[in-house]
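Structure, as structure tokens:
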Amino acid sequence: MPEKSAQLKLFFTQKLMEWNQKFNKREMPWKKEKDPYKIWISEIILQQTRVEQGLDYYNRFIDQFPDVKKLAQAKEFSVFKLWEGLGYYSRCKNLISTAKFINEELNGVFPNAYEKILALKGVGPYTAAAIASFAYNLPYAVVDGNVTRVLSRFFSINIAVDTTEGKKIFNELAQSLLKKDQANIYNQAIMDFGATICKPRSPICTNCLLANNCQSFLDNTMNSFPVKSKHTSQKERWLYYLVAEYNDRFYIRKRAQKDIWQNLHEFLVIEMNSPKTTEEVLKSKQFKERIASGYNIISVSKPYQQKLTHQLINGVFIHLKLKDPVVFEDFVLKSKSQIKRIAFPRIIFGYVTENNFLS
DNA sequence: AACCCGGGGGA
DNA sequence: TCCCCAGGGTT
């Protein structure tokens, strides 16, 4: 990357701060928040998650767990229930782990040094810089999707942002642009600017204070930035859920395998490598391994589908009443009132909700 | 360095 | 449909 002129960098920082002071109307509950606990919660929720999507989760989370001690002492399944539907569930796992660590090892006091914050589980460079600057006004520049987009456009940097080299370049550039005595305001400003003006698509360049020195605007190449190296490939999967009922209870387990939806729950399930009819599922070896005794078919659901970034999940739910209990791996019988309290993936939640299972 | 991990909304 | 979102962890 050619060295950016000091003058251009100064222009960037000054105009960004000016835009923030004069025109930034974005409001969010964690803005101006100084409690590191609440900032931490908001930042974890917002990892790879739109503000609008995370907002209700944040409010419910703070309402139910207003401080780190409350979170540390909560039942794990109830925290996951609050996270249900938000995705990236390892965030929730790490959140619980870190809450316990702070409560038990740090006397409930949130660390106030960047390196200590960075060392927390689930906290990487972005989140550590966000907490350090927002809670303590420490001079660490945040680098998130907004920042790489804004900087790659303004300086016309065509290094892929998702490579080791790209991360180094953008981290160093972001740090050099930071208004160090107002790190909290600057960091909030650049993300708000990216989210509302320098948007991924249809950036509002005609009304941008920085446009007259924005290299990609001058070249009319805004839509070519940021450059990314990865392209996503999607894999299709076919899941046949056996909603196996015995004495008004259902066989459920917590997912623990190396796969999506770890720590969420599921019914007995048979995965096929291609679409199958109900008859084929019932005749399959996998089915007979699980259900050896008699059963009645209560219903077969419509096909459900869930789109993930890298997977397309097809699901069919076959509701069975068993004549005898079965023993299979770590599945256990759970009542409807128990099922209400535990977290499921969206596709199962959708089926359970639409079919009034819990009423 | 490559890969994995959710779900949803905008264009 | 495709892209991307206040990224981080594991292999």
Side-chain angles (χ1 to χ4, degrees), chain A residues 26 28-31 33 39-58 80 83-95 97-98 117-134 140-150 160-168 170-171 174 184 187-196 198-203 223-235 237 255 257-264 305-313 343-350:
Chain A
R26 205 176 186 210
M28 294 166 292
W30 47 83
K31 224 167 160 174
E33 177 61 61
I39 294 169
W40 169 56
I41 298 294
S42 73
E43 294 302 340
I44 302 297
I45 286 176
L46 292 175
Q47 285 170 4
Q48 290 291 287
T49 304
R50 295 164 185 276
V51 166
E52 310 83 67
Q53 190 185 355
L55 194 56
D56 289 347
Y57 284 87
Y58 172 80
F80 272 96
W83 201 273
E84 183 182 45
L86 192 55
Y88 284 149
Y89 297 94
S90 67
R91 292 184 292 174
C92 186
K93 184 79 176 175
N94 288 330
L95 203 66
S97 168
T98 293
I117 299 168
L118 182 62
L120 300 173
K121 278 187 191 172
V123 174
Y126 163 77
T127 304
I131 296 172
S133 62
F134 295 148
Y140 293 88
V142 294
V143 181
D144 73 335
N146 292 304
V147 173
T148 55
R149 184 174 59 257
V150 169
V161 297
D162 54 353
T163 60
T164 304
E165 185 193 8
K167 287 172 188 169
K168 182 172 183 290
F170 282 98
N171 278 325
N184 52 352
N187 278 339
Q188 187 63 57
I190 193 168
M191 290 194 286
D192 287 345
F193 178 76
T196 59
C198 198
K199 298 182 294 179
R201 299 194 205 186
S202 310
N223 294 327
S224 304
F225 297 99
V227 175
K228 298 191 177 178
S229 66
K230 292 175 191 156
H231 21 38
T232 60
S233 63
Q234 204 176 45
K235 159 182 166 190
R237 300 173 72 174
R255 289 175 63 87
Q257 58 271 49
K258 282 184 182 171
D259 196 0
I260 54 174
W261 301 328
Q262 259 191 62
N263 294 296
L264 271 56
Q305 200 171 65
Q306 183 173 359
K307 292 181 175 68
L308 308 182
T309 302
H310 298 280
Q311 297 188 26
L312 178 59
I313 310 289
F344 291 93
R346 269 288 193 243
I347 192 167
I348 299 180
F349 183 82

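Chain identifiers are assigned alphabetically (A, B, ...) following the order of the sequence lines, protein sequences preceding nucleic acid strands; residue numbering begins at 1 within each chain. Here the structure is a predicted model, which is why all the values come from computation and not from measurement.
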Just N and O in the side chain of [X]: are any of them under 4.0 Å from OP1 or OP2 of [N]?
X: A:Arg346; N: B:dG8; value: yes
X: A:Tyr89; N: B:dG7; value: yes
X: A:Gln311; N: B:dC5; value: yes

Round to the nearest Å and state the distance from [X] atom [atom1] to [N] atom [atom2].
X: A:Asn94; N: B:dG6; atom1: CG; atom2: P; value: 12 Å
X: A:Glu84; N: B:dG8; atom1: CD; atom2: P; value: 11 Å
X: A:Leu308; N: B:dC3; atom1: CG; atom2: C1'; value: 16 Å
X: A:Ile260; N: B:dG6; atom1: CD1; atom2: P; value: 6 Å
X: A:Leu264; N: B:dC5; atom1: CG; atom2: P; value: 13 Å
X: A:Gln305; N: B:dG7; atom1: CD; atom2: P; value: 14 Å
X: A:Lys93; N: B:dC4; atom1: NZ; atom2: P; value: 22 Å
X: A:His310; N: B:dC4; atom1: NE2; atom2: P; value: 8 Å

Which heavy atom in [X] sits nearest to a heavy atom in [Y], and how many Å separate them?
X: A:Trp83; Y: A:Tyr89; answer: CD1-CD2, 3.5 Å
X: A:Val123; Y: A:Trp40; answer: CG2-NE1, 4.0 Å
X: A:Val161; Y: A:Pro226; answer: CG1-CB, 3.8 Å
X: A:Ala174; Y: A:Ala141; answer: O-CB, 3.5 Å

To the nearest 0.5 Å, what is the distance between [atom1] ([X]) and [atom2] ([Y])?
X: A:Arg237; Y: A:Leu312; atom1: CZ; atom2: CG; result: 11.0 Å
X: A:Arg26; Y: A:Asp192; atom1: CZ; atom2: CG; result: 5.0 Å
X: A:Leu46; Y: A:Met191; atom1: CG; atom2: CE; result: 9.0 Å

Nearest-nucleotide comparison on DNA chain C, the residue closer to the 5′ end among A:Pro226 and A:Gly145: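 The residue closer to the strand's 5' end, by nearest nucleotide, is A:Pro226.
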Hey, which sits more toward the 5' end of DNA chain C by its nearest nucleotide, A:Lys258 or A:Gln188?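 Result of the comparison: A:Gln188.
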For A:Ser229 and A:Arg201, find the nucleotide of DNA chain B closest to each by heavy atoms; which residue's nucleotide sits nearer the 5' end?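 Result of the comparison: A:Ser229.
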Would you mind telling me which residue lines up with the more 5' stretch of DNA chain B, A:Glu52 or A:Gln47, judged by nearest nucleotide?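 Residue closer to the 5' terminus by nearest nucleotide: A:Gln47.
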Using atom [atom1] in both nucleotides, what's the gap between [N] and [M] to the nearest angstrom?
N: C:dA6; M: B:dC3; atom1: C1'; result: 23 Å
N: B:dC5; M: C:dC4; atom1: C1'; result: 15 Å
N: B:dG8; M: C:dG8; atom1: P; result: 22 Å

Which two nucleotides bound the region of DNA chain C that has atoms under 4.0 Å from heavy atoms of chain A, read 5' to 3'?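 First and last nucleotides in contact are C:dC2 to C:dT11.
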Regarding B:dG8, can its base be found pairing with the side chain of A:Gln53 as donor and acceptor, where the two atoms are less than 3.5 Å apart?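 Between B:dG8 and A:Gln53, which were checked side chain against base, a qualifying N/O pair under 3.5 Å is absent.
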Mind checking if [X] touches a base, just sugar-phosphate, or nothing, with heavy atoms under 4.0 Å?
X: A:Gly54; answer: nothing
X: A:Ile44; answer: nothing
X: A:Ser42; answer: nothing
X: A:Val147; answer: nothing
X: A:Asp259; answer: sugar-phosphate
X: A:Trp83; answer: nothing
X: A:Thr309; answer: base

Is a side-chain donor-acceptor pair under 3.5 Å present for A:Glu43 with A:Tyr126?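 Yes, a side-chain donor-acceptor pair sits under 3.5 Å.
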Are the side chain of A:Thr98 and the backbone N or O of A:Leu95 linked by a donor-acceptor pair below 3.5 Å?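 Such a contact is absent between A:Thr98 side chain and A:Leu95 backbone.
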In dot-bracket form, 5' to 3', how is DNA chain B paired? Count Watson-Crick and G-U wobble pairs only if both distances fall under 3.5 Å, and write | where the partner sits on another strand. |||||.|||||
Side chain to side chain contact (heavy atoms under 4.5 Å, CB included) between A:Tyr88 and A:Gln47, worked out: CA-CA 9 Å; A:Tyr88 284 149; A:Gln47 285 170 4; over 6 Å; no
Do A:Phe134 and A:Asn187 have side chains that get closer than 4.5 Å, going by heavy atoms?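 Result yes, sub-4.5 Å side-chain heavy-atom pair found.
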Looking at B:dG6, B:dG9, B:dC4, which one has an atom nearest to any side-chain atom of A:Gln48?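 Shortest atom-to-atom distance from the side chain points to B:dG6.
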